[in-house]
Amino acid sequence: MSNLIRDAMRQLDELLLDAYRAASGAGALPPDAEPSGVLEIPRDPSNGDFAATHAMAAARAMRRPPREIAGALLAHIKLDGGYFATCGAAGAGFMNFTLSDKWYSDVLRAAEEDGASYGRSDYGGGKRVMVEFVSANPTGPMTIGNARGGVLGDALASVLEMAGYDVRREFYVNDAGNQVELFGKSAAARYMQICLGEDAVRFPENGYHGDDIRELAAEVYGREGDSLAALPESELARRFVEIGIPRNIELMREHLERYRIRFDEWFPESRLHASGYVEDTIRRLTESGLTYESDGALWLKNTALGADKDEVLRRSDGSYTYQAADIAYHRDKFAERGFERVIDVLGADHHGHTVRFGAMMSAPALRSALGVTQGELEFLLMQMVLLKRDGEVVKVSKRTGKALTLNDLLDEISVDACRFFFNAKPDTHLEFDLDLAVRQDSENPVYYVQYAHARICSLIDALGADGHCVPAARDIDAALLREPSERELIKQIALLPEEIVQAARDRDPSRINRYVTELAARFHKFYGACRMRGEREDVLKARLKLADTTRRVVAIGLGVIGVTAPERM
RNA sequence: GUGCCCGUGGCGCAGUUGGAUAGCGCGUCAGACUCCGACUCUGAAGGUCGCAGGUUCGAAUCCUGUCGGGCAUACCA
């Protein structure tokens with residue numbers, strides 16, 4: 001549970017405060033003007049390991065030039081024995097600090113002590129969070145878009161767990177409603193086409209054209225012949241729903257398992273309908289005066305709740321809309337199951353919905369009508385995946401049946417590459433170049449990171465054969481690790497807990513991709529610059545410890561995003 | 001029309017509670033293996049951060065306007 005970056009910053013804050021007190025006590029700076037500022041890690045290492053902006057920020061209040069303030073503070077700062085070795089004023093008034101041997105040593109010790117839980121923290125304070133993601137319609141196979149949502153949701157959940165949240169992963173199964181009906185009708189039509197001929201049966205408008213529907217119909221025909229053809233159309237469609245939907249759900253489960261995603265809960269929409277929970281929810285809204293009837297339908301007074309337009313809850317034919325079920329579903333998340341935070345991962349094409357729905361779910365009137373007393377809803381929107389084939393963008397559509405499915409994709413490229421590749425920043429379009437991705441030996445950056453891990457493993461084996469074991473952190477002298485490449489590597493190792501916290505805070509698990517890539521890069525650089533075999537025993541030991549620590553941190557980082565860390569490649 | 005998201009070297013992207021000379025990968029060019037894995041490393045070229053104003057010690061980052069692209073605006077989910 002250690003975080004040496006934060007520890008160093010905390011210490012630096014105190015040092016600066018003490019320095020100010022000493023300086024103002026000595027009359028070098030005005031009293032009652034305690035400076036505050038930002039502590040940051042400078043981009044350029046020649047500006048030190050940490051920089052403070054306090055002097056610039058205090059310039060106005062103190063009516064002194066920033067450099068003079070910095071000089072006064074630094075003249076009174078006491079660094080001895082702590083995490084900082086040197087300090088100096090630079091630029092417009094920055095105060096720059098370099099880290100001490102003790103800090104570097106403590107990083108390696110902390111990583112060792114924390115073991116497999118290095119990187120974890122209690123930032124989230126055990127708050128109960130649900131991440132709902134994928135939630136693909138069970139009307140067909142999952143698409144590339146689901147592949148992206150799956151990775152993002154799963155990695156986000158992992159990041160939140162590492163950051164100390166109590167996390168549940170949930171898949172909302174839309175096994176009710178119009179799309180499911182359309183699925184049944186589509187399959188029924190395919191079946192009848194087999195019985196009576198393609199041209200004799202009209203295919204439903206907006207029906208599902210996918211091959212999986214034809215296969216389902218053919219399979220049923222193979223088993224039952226045309227014995228079902230006499231059934232009324234609606235009954236036949238219902239039969240296909242009963243057969244096809246559970247099967248599709250099972251397939252999704254299998255494919256997601258293959259993708260290394262497991263949900264704590266598969267929550268069926270149909271349960272909300274069957275238990276009367278939707279009905280009860282809508283009744284509460286009506287009793288609270290939040291609805292009205294028009295044209296035979298029941299409408300939610302959505303505009304009164306902060307949205308841009310009203311919405312239908314119950315259609316004129318008596319059936320409930322998706323909105324109605326979704327309100328009930330989220331009422332269940334907050335009021336019945338007590339989640340303090342719910343994050344829905346959705347495609348950006350749902351953003352119109354999220355704006356309205358988010359406004360509704362935070363509206364006091366609606367919350368009190370539903371008995372929701374706590375909990376906040378947020379959305380993680382991800383932009384579309386653009387498939388590129390032969391340099392051309394191909395649009396994905398479940399309707400036309402021309403989508404490349406998640407499972408197809410996994411037949412062609414490794415789960416590791418897939419997960420790494422899709423874990424990109426959610427708010428930009430992702431270009432997925434199929435021609436590149438289908439190559440097993442592609443230049444995907446995941447190999448770069450995994451290679452670092454494998455390389456360290458064989459390095460440790462090789463040195464082990466020479467009788468060198470990885471030493472304990474207390475048995476090495478970290479002061480021997482003073483090459484720039486060594487220090488840059490240790491600093492990157494120290495950054496993991498902070499990266500996890502930031503990824504959790506920003507709901508951006510793609511930070512971890514960048515983190516492990518940078519970690520691997522720094523290792524490769526270290527590896528090129530520093531040798532072990534043939535070096536002095538104590539130097540060899542220190543470097544071996546550094547390499548082994550790197551290995552473990554690479555594995556932890558890759559683990560967070562669901563990518564394996566192979567010992568050999 | 002209205003709302004949301006995105007415009008950063010040839011391509012793909014980091015960098016947003018405002019910080020120092022705007023970074024990285026791919027590609028291009030030039031180098032490095034009798035060596036703990038060359039699936040690696042080193043160096044170079046390449047930018048008025050879409051454009052125009054504004055805010056201030058300081059702006060890729062904040063504000064306003066504008067242009068370009070995407071998405072959404074169903075008794076679909």
Side-chain angles (χ1 to χ4, degrees), chain A residues 37-38 40 42-44 46-47 51 53 56-57 59-60 65-66 90-94 96 135-137 139 172 174 176-182 206 269 294-299 308-309 311-326 347-356 381-384 386 424-431 433 436 441-445 447-452 454-463 465-466 468 485 505-506 510-511 513-514 517-518 520-521 523-535 540 543-544 547 568-569:
Chain A
V38 179
E40 56 191 20
R43 196 187 307 274
D44 183 349
S46 69
N47 287 324
T53 61
M56 290 180 286
R60 179 173 293 194
F94 287 95
N96 296 335
S135 300
N137 275 337
T139 49
Y172 183 45
N174 298 117
N178 278 342
Q179 296 304 325
V180 169
E181 263 182 49
L182 195 55
N206 297 326
E269 179 185 349
S294 174
D295 302 328
L298 185 72
W299 294 71
D308 56 343
K309 62 194 193 65
E311 278 174 300
V312 172
L313 293 175
R314 195 176 57 223
R315 301 183 190 94
S316 46
D317 69 2
S319 63
Y320 290 106
T321 60
Y322 174 84
Q323 312 297 337
D326 213 21
D349 53 338
H350 288 73
H351 89 255
H353 163 70
T354 64
V355 177
R356 256 169 284 136
L381 291 182
M382 46 160 196
Q383 295 293 329
M384 304 283 94
L386 299 178
K425 207 160 193 186
D427 60 8
T428 51
H429 293 268
L430 181 60
E431 273 191 29
D433 187 338
L436 181 70
D441 61 344
S442 76
E443 292 161 352
N444 197 310
Y447 294 112
Y448 178 80
V449 180
Q450 290 182 315
Y451 175 65
R455 197 181 213 185
I456 300 171
C457 288
S458 68
L459 169 64
I460 290 172
D461 282 350
L463 289 172
D466 292 349
H468 299 291
S485 66
R505 188 199 61 193
D506 297 346
S510 72
R511 293 186 71 105
N513 278 31
R514 276 168 253 130
T517 306
E518 180 65 24
F523 172 75
H524 288 309
K525 206 169 282 190
F526 156 72
Y527 184 86
C530 302
R531 296 193 59 79
M532 292 182 207
R533 273 186 161 158
E535 291 289 334
L540 184 151
R543 288 180 177 165
L544 179 54
R568 245 162 269 289
M569 295 173 72

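The chains referred to below are lettered A, B, ... by the order of the sequence lines, with proteins before strands, and numbering in each begins at 1. Note that these values count all heavy atoms, side chains included, but never hydrogens, waters or copies made by symmetry.
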Query raised in the report: When we call it a touch if two heavy atoms are under 4.0 Å apart, what does A/Y527 touch: a base, just sugar-phosphate, or nothing?
Result: base
Query - Listed nucleotide nearest any side-chain atom of A/R356, set B/U73, B/A38, B/A20 - result: B/U73
Report task. Return the value, rounded to whole Å, for the distance between atom OH of A/Y322 and atom P of B/C75. Result -> 16 Å
Requested in this report: Take atom P in B/A14 and the same atom in B/C24, then report the distance between them in whole Å.
Outcome: 16 Å
Measure all distances between protein nitrogen or oxygen atoms and nitrogen or oxygen atoms of nucleotides 5-10 of chain B, and list the pairs falling under 3.5 Å.
{"residue": "B/C5", "atom": "O2'", "partner": "A/D427", "partner atom": "O", "Å": "3.4"}

**Report entry** Side chain of A/H351 - closest among B/C36, B/A14, B/G3
**Finding:** B/G3
Report task. Assign A/M384 to base, sugar-phosphate, or nothing according to its heavy-atom contacts below 4.0 angstrom with the strands shown. Result -> nothing
Query raised in the report: Hey, is A/F94 doing a stacking thing with B/A20, by the 5.5 Å centroid and 30° angle criteria?
Result: yes
Query raised in the report: With a 4.0 Å cut-off on heavy atoms, is A/A454 in touch with a base, just the backbone sugar-phosphate, or nothing at all?
Result: base
Requested in this report: Looking at every strand, decide which applies to A/G528 at a 4.0 Å heavy-atom threshold: base, sugar-phosphate, or nothing.
Outcome: nothing
Query raised in the report: Using the P atom in both, what is the distance from B/U64 to B/A22, to the nearest Å?
Result: 27 Å
Report task. Measure from the side-chain heavy atoms of A/N174 and tell me the nearest of B/A77, B/C36, B/A20. Result -> B/A77
Requested in this report: Rounded to the nearest angstrom, tell me the gap between atom CD in A/E518 and atom P in B/C13.
Outcome: 19 Å
Query raised in the report: Under 4.0 angstrom, heavy atoms only, what part of the nucleic acid is A/A297 near: base, sugar-phosphate, or nothing?
Result: base
Report task. Using a 4.0 Å heavy-atom cut-off across all strands, classify A/N513 as base, sugar-phosphate, or nothing. Result -> nothing
Report task. Could you check how far CZ of A/R543 sits from C1' of B/C35, rounded to whole Å? Result -> 15 Å
